A.B. asks: 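Structure below; questions to follow.
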Amino acid sequence: MASERYNARVTETRWQKAWDEAKVFATANDDPRPKYYVLEMFPYPSGRIHMGHVRNYAMGDVVARYKRARGFNVLHPMGWDAFGMPAENAAMQNKVHPKSWTYSNIATMRDQLKSMGLSLDWAREFATCDVAYYSRQQRLFLDFLDKGLVTRRKSKVNWDPVDMTVLANEQVIDGKGWRSGATVEQRELVQWFFKISDFSEDLLTALDGLDRWPEKVRTMQRNWIGRSEGLRVRFQLDGAVPEGQDFVEVFTTRPDTLFGMSFLALSADHPLTTALAATSPEIAAFVEECHRMGTSAAAVETAEKRGYNTGLVVRHPFLDAVFPVYVANFVLMDYGTGAIFGCPAHDQRDLDFARRYHLTVTPVVLPEGADPTTFAVADEAYTGEGRIFNSAFLDGHSVAEAKEMVAHRLETATLGQAPQGTRQVNYRLRDWGISRQRYWGCPIPVIHCDSCGVVPVPRKDLPVALPEDVDFDRPGNPLDRHPTWKHVSCPVCAAPARRETDTMDTFVDSSWYFARFTAPDADDPTIPEVADAWLPVDQYIGGIEHAILHLLYSRFFTRAMKVAGHVGLDEPFRGLFTQGMVIHETYRAADGSWVSPAEIRIEAGETGRRAYRLDTAEEVTIGAIEKMSKSKRNTVDPTEIIESFGADTARWFMLSDSPPERDVEWTDQGAQGSSRFLQRVWRLVGETAEIAPPPGTPVPDVLAPAALTLRKAAHRTLAAVGEAIETLRFNVALAKIYELVNALGSAIANERAAFAAPGEAAALRETAEILVKLMAPMTPHLAEECWHVLGNGEMLAMSPWPELVPALLVEDEVTMPVQINGKKRADVTVPRDADAATVEKAALALEAVQRALEGKAPKKVIVVPQRIVNVVA
RNA sequence: GCGGGCGUGGUGGAAUCGGUAGACACAAGGGACUUAAAAUCCCUCGGCUUCGGCCUUGCGGGUUCGAUCCCCGCCGCCCGCACCA
């Protein structure tokens, strides 16, 4: 037995079948044990799984199997984020229907995932493109509509000219579409919106309670929501004012700098601008120019601050003075009021603008220690703290006091029957535009009627199912050009009407799947009691790239579902973990083309590592270590790894070495190292099985030193591994397991005779069983096989976590380092409960200490019980 | 520019309520077994050393009996956001 190599492929298939047949991982909703919901972000069915999936799902499976062994009723489901563009691209390129492309990919990837031996409840599986799923999503849409959480309005949208669809702000990265990479244009379209901004404040403040989320993600969300407190200030306009536009309002977070004002600027899209443009060709031309300016990061960065003087002026609220009104290209319409007052001395943008148009720059905040008679602003605006000056009644006050004083004065003053100032909180977060001009998505369930307007599809008429007979010959939306699908009669007046042909952003699909998993077959979107019993997800694991989009949308959706009565909580994810990427070396041929790892061999010689093509023996350049990607061809196919090494090796390697939140480099040597280690465990367990007494043999209370030492090591490891898994520090857990295996290996090799007696041998068995149980979450197949080699009948997957014997963690004697002036010079071994005086005496008696003291008394001796002794000479 | 994070051997990393720096692994070198290879096992492995020790956690200071850990100032790298008034 011990000499046989472990055959991963045969063993893994066998245990996967056995677990499946015994329904070990099926989860019942009425199980009375405490619940634990572990979820990994579900995959997009692109065709094949990649190493990133292996890492992600290996981590989740460790948590799931561990919690199951600890007695929890674990929910660990899997599904498919199955709507989206690639299916339509495939349809265009390969003449395959998005539906068959998607479901065939799912079938492949399901098999691949199953070969990993994940402890998933496959009975709960669904794809978001299942009619059964998206019909419930349509019901949620209608519920949200009823609750006023959905609106429809004309808006400027980010238009992706390649994908020919609209993108949310969050989906525009550096001015480019997040999927296509094409430069995004601005267009005006009528769009459906989820009113996520209704929850801005709550989404922000609730972040404080998400203490099991990475701080980084919370910070990113805080920045994204972008709360700012300020004042809305009303100004009186003078000059050739258009009819009915006597006032203009600005939003400012710096009312304290009002006395430093030198101009007022309007957005090109401000109503007043529009009114002025109607009679002024010059203004109209300037507005046109602003619109042409791109919104890409590059365009914004290089764009100069430019403006057009309208000839209008505004009156200062406190001073007897007027200031020019400009239309400026840097003022955004959709933030604040679309107008600002410019204080060049204390705002860099305003300063740039003022310099260009030779406007006055009056400093009103004096930095600490600066001289008020000489302080001036040159090229850099002063945005720091200080005392207000040049500001009449504000002089001498702090920035905070001045803000408050101005706010108070203006909100109690009246200008044209309205308060001159209003305190206001602004958010950067905008409503979530969900309309997409695509086929492969969830249809928005509304009907447009010429006489009744927008009419929701009655719930009895759901689902609004996607038609299957569509073509992808041309760009644009196949639903829109389908000959019959969109033609329906109005549910209200029965007149001919048209279906909405936009579908929902696919981020909608992933915003509630975690809730659907709790009752995947329910007629309603959820069964609220069941959802509330399972949610929140105790541990959610996925990539950092979803820090804002998916996670913020899901937080909104949970709140919206609460309003609509589908769940009873606000926050869907109690614990969040963002794992790092899998990276790999890159290789390039002489012609610059990328070469995949499978096509090369590496030679390590005197001159370092060199790589050669397998087919032509031509040398290739070893490049940077980068994220695995198809474009750089530096991917490793999980299926090939699983077929050659086994799933356990792939899982083990993905969990070893690197901390899970950091990137991990896939190397062939690393994989082989993991494989070697698992073979070693197999051999050691085999040898243990030969000399160990039958299962259940009690371990005597009194053991010989060798057995006791080993037993203590096993329990120490048990405690350490449990803690490491709880805190998701898998690399640390694995290192502790390595140590235990080294201890077991050396015990068997060097002290075999010490384990001859049955009692001592029982300790050997106990150690092997603990080892196997500790490895089970990471390498479940090997562990299960070892468990049975050790003679156990019941499946390990159903067995509880080992019982810790706390007494074994306590040593009778402790060896403490002895420092002299902070540097370690010796060790002293004392009874564990020795008092400080005893320890001090023992330490001072040491030869090294005596030598250092040269007969003198120590100045001071610090004894930290059970930790350290420091002698100050 | 703003915000956040990180700098430890050849490499990935371990050790933080301030208490033995370098666990564990990979790579490398040496040895055993073998006709040979694979597999396996054993040893060495931060630097310097006059073999007593000395130096070493990006750099420079500080606090402390004691600093990878706390404080101040630099340097470097990574990530996120960015005309948000």
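The figures here come from the full heavy-atom set of this structure, side chains too, leaving out hydrogens, waters and symmetry mates. Here is the naming used below: chain letters follow the sequence lines, and residue numbers restart at 1 for every chain. As the structure is a computational prediction, the values presented were derived from the model and not from experiment.
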A.B. asks: For B:G73, is chi within 90° of 0 (syn) or not (anti)?
C.D. replies: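 In terms of base orientation relative to the sugar, B:G73 is anti.
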A.B. asks: Using the side-chain contact (heavy atoms from CB on, under 4.5 Å) definition, which of the options A:V248, A:V331, A:T337 pairs with A:H270?
C.D. replies: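 Exactly one option meets the side-chain contact (heavy atoms from CB on, under 4.5 Å) with A:H270, and it is A:V248.
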A.B. asks: Given B:A14, B:A85, B:A25, which nucleotide is nearest the side-chain atoms of A:L332?
C.D. replies: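 For A:L332, the side-chain atoms sit closest to B:A85.
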A.B. asks: Give the nucleotide from the list B:A23, B:C83, B:G19 with an atom nearest to the side chain of A:I868.
C.D. replies: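 The answer is B:G19.
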A.B. asks: Out of B:C54, B:G80, B:U20, which has the shortest distance to the side chain of A:R825?
C.D. replies: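 Nucleotide nearest to A:R825's side chain: B:C54.
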A.B. asks: Using the C1' atom in both, what is the distance from B:C75 to B:C24, to the nearest Å?
C.D. replies: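 That atom pair is separated by 32 Å.
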A.B. asks: Expressed in whole Å, how much space separates the P atoms belonging to B:G22 and B:A32?
C.D. replies: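 The same atom, P, in both gives a distance of 31 Å.
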A.B. asks: Do the ring planes of A:Y357 and A:F353 sit parallel (below 30°), tilted (30 to 60°) or perpendicular (above 60°)?
C.D. replies: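 Tilted, since the angle between the ring planes falls between 30° and 60°.
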A.B. asks: Is the positively charged end of A:R232 above the ring of A:F251, judged by distance under 6.0 angstrom from the centroid and angle within 45° of the axis?
C.D. replies: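 No - A:R232 does not lie over the ring of A:F251 by the 6.0 Å and 45° rule.
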A.B. asks: From the set B:U20, B:G19, B:C24, return the single nucleotide nearest to any side-chain atom of A:P817.
C.D. replies: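 Given the options B:U20, B:G19, B:C24, the side chain of A:P817 is closest to B:U20.
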A.B. asks: Please measure how far the C1' atom in B:G58 lies from the corresponding atom in B:C6, and state the result in whole Å.
C.D. replies: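 The same atom, C1', in both gives a distance of 11 Å.
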A.B. asks: Side-chain N or O of A:K823 less than 4.0 angstrom from OP1 or OP2 on B:C55?
C.D. replies: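 The answer is yes; a side-chain N or O of A:K823 sits under 4.0 Å from OP1 or OP2.
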A.B. asks: For B:U40, which nucleotide is its Watson-Crick or G-U wobble mate, given both distances must be under 3.5 Å?
C.D. replies: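 B:A32 - that is the nucleotide pairing with B:U40, both distances being under 3.5 Å.
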A.B. asks: Any non-hydrogen side-chain atom of A:Q679 less than 4.5 Å from a side-chain atom of A:R683?
C.D. replies: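 Answer yes - side chains close enough.
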A.B. asks: Between A:R222 and B:C81, does any side-chain N or O lie under 4.0 Å from OP1 or OP2?
C.D. replies: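 The answer is no; no side-chain N or O of A:R222 sits under 4.0 Å from OP1 or OP2.
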A.B. asks: Examine B:A85: is either OP1 or OP2 under 4.0 Å from a nitrogen or oxygen in the side chain of A:S228? Give yes or no.
C.D. replies: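 Yes.
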A.B. asks: Nearest to the side chain of A:V872, which nucleotide is it out of B:A25, B:C65, B:A27?
C.D. replies: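 The closest nucleotide is B:C65.
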A.B. asks: Quick one: is B:A15 close enough that its OP1 or OP2 comes under 4.0 Å of any side-chain N or O from A:R729?
C.D. replies: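 True: A:R729 side-chain N/O within range (under 4.0 Å) of B:A15 OP1/OP2.
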A.B. asks: May I ask you to decide if A:C343's main-chain N or O and A:D350's side chain share a donor-acceptor pair within less than 3.5 Å?
C.D. replies: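 Flag set: sc A:D350 to bb A:C343 pair under 3.5 Å.
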A.B. asks: Take the protein atom CG of A:N731 and the nucleotide atom C1' of B:G13, then report the distance between them rounded to whole Å.
C.D. replies: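 A:N731 atom CG is separated from B:G13 atom C1' by 7 Å.
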A.B. asks: Does B:G4 have OP1 or OP2 under 4.0 Å away from a side-chain N or O of A:K216?
C.D. replies: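 No, no such contact exists.
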A.B. asks: Considering only atom P, compute the distance from B:G80 to B:C17 and round it to an integer number of Å.
C.D. replies: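 Each nucleotide's P atom is 31 Å from the other's.
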A.B. asks: For A:W652 and A:Y738, take the angle between the two ring planes, folded into 0 to 90°, and tell me which bin it lands in: parallel under 30, tilted 30 to 60, perpendicular over 60.
C.D. replies: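 Rings of A:W652 and A:Y738: perpendicular, as their planes differ by over 60°.
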A.B. asks: Name the closest nucleotide to the A:R676 side chain, picking from B:A27, B:C24, B:G12.
C.D. replies: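 That would be B:A27.
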A.B. asks: For A:D431 and A:S197, test the side chains for any donor-to-acceptor distance below 3.5 angstrom and give the result as yes or no.
C.D. replies: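 A:D431 vs A:S197: donor-acceptor pair found between side chains.
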A.B. asks: Which of the following nucleotides, B:A21, B:C83, B:C24, is nearest to the side chain of A:K305?
C.D. replies: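 Of B:A21, B:C83, B:C24, B:C83 is nearest to the side chain of A:K305.
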A.B. asks: Does any N or O donor sit under 3.5 Å from an N or O acceptor when you compare the side chain of A:K736 with the base of B:C24?
C.D. replies: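 By the distance-only test, no, there is no pair.
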A.B. asks: Taking pairing as Watson-Crick or G-U wobble with both contacts under 3.5 Å, can you name the mate of B:C70, or confirm there isn't one?
C.D. replies: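 Per the H-bond distance test, B:G62.
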A.B. asks: So which nucleotide does B:C24 pair with, by the Watson-Crick or G-U wobble rule with both distances under 3.5 Å?
C.D. replies: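 Check on B:C24: paired to B:G12, both distances under 3.5 Å.
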A.B. asks: Both distances under 3.5 Å, Watson-Crick or G-U wobble: report the partner of B:G3, or none.
C.D. replies: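 Matched B:G3 with B:C79 under the 3.5 Å cut-off.
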A.B. asks: How many whole angstroms separate atom CD of A:Q348 from atom C1' of B:C83?
C.D. replies: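 Spelled out: CD on A:Q348 to C1' on B:C83 is 11 Å.
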A.B. asks: Which nucleotide in the set B:A14, B:G3, B:U20 lies at the smallest distance from any side-chain heavy atom of A:R662?
C.D. replies: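 Closest nucleotide among those given: B:A14.
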A.B. asks: Out of B:A85, B:G80, B:G19, which has the shortest distance to the side chain of A:Q819?
C.D. replies: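 Out of B:A85, B:G80, B:G19, the nucleotide with an atom closest to A:Q819's side chain is B:G19.
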A.B. asks: So, is A:Y738 close to the B:A25 phosphate, meaning a side-chain N or O under 4.0 Å from OP1 or OP2?
C.D. replies: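 Answer is no, no contact under 4.0 Å.
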A.B. asks: Could you report the tightest heavy-atom contact between A:I641 and A:A650, atom names first, then the distance?
C.D. replies: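 Scanning both residues, the minimum pair turns out to be CG2-CB, 3.9 Å.
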A.B. asks: Write down the distance between CD (A:E229) and P (B:A85), rounded to a whole number of angstrom.
C.D. replies: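 Rounding to the nearest Å, CD of A:E229 and P of B:A85 are 12 Å apart.
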A.B. asks: Which whole number of Å gives the distance between the C1' atom of B:U16 and that of B:C69?
C.D. replies: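 Going atom to atom, C1' in each nucleotide, I get 5 Å.
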A.B. asks: Kindly point out which of B:G3, B:G12, B:G66 is positioned nearest to the side chain of A:N223?
C.D. replies: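 Nearest to the side chain of A:N223 among the choices is B:G3.
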A.B. asks: Given atom CG of A:D347 and atom C1' of B:C2, what is their separation to the nearest angstrom?
C.D. replies: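 Rounded to whole Å, this separation is 13 Å.
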A.B. asks: Distance check needed: B:A25 P versus A:D657 CG, whole Å only.
C.D. replies: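 One finds 10 Å between P of B:A25 and CG of A:D657, rounded.
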A.B. asks: Please check if atom CZ in A:R9 has more than 12 non-hydrogen atoms from other residues, nucleotides or ligands closer than 6.0 Å.
C.D. replies: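 12 or below, so no.
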A.B. asks: Syn or anti for B:G9? Use the chi torsion, O4'-C1'-N9-C4 for purines and O4'-C1'-N1-C2 for pyrimidines, with syn inside 90° of 0.
C.D. replies: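 B:G9: syn.
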A.B. asks: Give the rounded distance in Å between these two atoms: CZ of A:R428 and C1' of B:C83.
C.D. replies: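 These atoms are roughly 12 Å apart.
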A.B. asks: What is the separation between atom CD1 on A:I862 and atom P on B:G19, rounded to the nearest whole Å?
C.D. replies: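 Those two atoms, CD1 and P, are 14 Å apart.
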A.B. asks: Return the value, rounded to whole Å, for the distance between atom CE of A:M333 and atom C1' of B:A85.
C.D. replies: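 One finds 13 Å between C1' of B:A85 and CE of A:M333, rounded.
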A.B. asks: So, is the end of the A:R428 side chain (NZ or CZ) under 6.0 Å from the ring centre of A:W224 and within 45° of the ring's axis?
C.D. replies: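 Output yes; distance and angle both within limits.
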A.B. asks: Strictly under 4.0 angstrom, non-hydrogen atoms only: write out the protein contact profile of nucleotides 41-52 of chain B, one letter per nucleotide from the 5' end, B, S or -.
C.D. replies: S-----------
